[in-house]
Structures are given as structure tokens and as C-alpha cells.
A.B. asks: 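First the structure, which I've put down as C-alpha cells, then a few questions once you've had a look.
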Amino acid sequence: MGKGTDMARAKARRLKGMKKESDGIALGDERMKAEGRQEQDAARRQEERARALPEASDR
């Protein structure tokens with residue numbers, strides 16, 4: 001996969017985590033809020049790894 005694909009997947013994962021966290025807030029579900037935050041943290045790490053990849057033209 002390329003850098004752009006990895007970044008897009010990471011951003012989608014982060015949005016999914018944000019949705020889960022906001023649903024947890026709306027429902028008063030602490031576990032769902034925590035899962036959403038964890039998903040966002042994992043996505044941020046995934047984005048950092050994608051940024052570290054060289055561009056396709058650099059290979």
C-alpha cells in the first residue's frame with residue numbers, strides 16, 4: 001500500500017473512534033467512550049507510521 005492509502009485508512013479509523021466516543025458520551029457509556037479514545041490513539045499512531053513512509057516516487 002502507498003502512503004496516501006495508509007493515511008486515508010488512518011483518518012477513517014480516527015473518525016470511527018470519534019463517532020464511538022461521541023456515541024458513548026450521548027449514551028452515558030464510559031466503556032464506549034474509552035474504546036473510542038483508544039481507537040483514535042491507534043489511528044494517530046497509524047498516521048505517524050504512514051507519514052514516515054517514503055513517497056512512491058522516492059522508491
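Treat the numbers as computed from the prediction; the structure is a model and nothing was measured.
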A.B. asks: So how far is it from Lys16 NZ to Glu35 CD, rounded to the nearest 0.5 Å?
C.D. replies: 10.0 Å
A.B. asks: What distance separates Arg13 CZ from Gln40 CD, expressed to the nearest 0.5 Å?
C.D. replies: 11.0 Å
A.B. asks: Would you say Arg9 and Gln46 are linked by a side-chain donor-acceptor pair, where the criterion is simply a distance under 3.5 Å?
C.D. replies: no
A.B. asks: Residues in salt bridge (Lys or Arg N to Asp or Glu O under 4.0 Å) with Lys19, at least two apart?
C.D. replies: Asp23
A.B. asks: Less than 4.0 angstrom from a charged side-chain N to a carboxylate O is my criterion; do Glu48 and Arg44 meet it?
C.D. replies: no
A.B. asks: Quick check on Met18: does its CE atom have over 12 non-hydrogen neighbours (other residues, nucleotides or ligands) under 6.0 Å away?
C.D. replies: no
A.B. asks: Measure the CD-CE distance between Glu21 and Met32 for me, rounded to the nearest 0.5 Å.
C.D. replies: 11.5 Å
A.B. asks: Could you tell me the separation between the NZ atom of Lys33 and the CD atom of Glu30, rounded to the nearest 0.5 Å?
C.D. replies: 3.5 Å
A.B. asks: For residues Gly36 and Lys20, report the shortest heavy-atom separation together with the two atoms involved.
C.D. replies: N-CD, 3.8 Å
A.B. asks: Hey, could you give me the NZ/CG distance between Lys11 and Asp6, rounded to the nearest 0.5 Å?
C.D. replies: 12.5 Å
A.B. asks: Where do Ala43 and Ala10 come nearest, in terms of heavy atoms and distance?
C.D. replies: CB-O, 3.4 Å
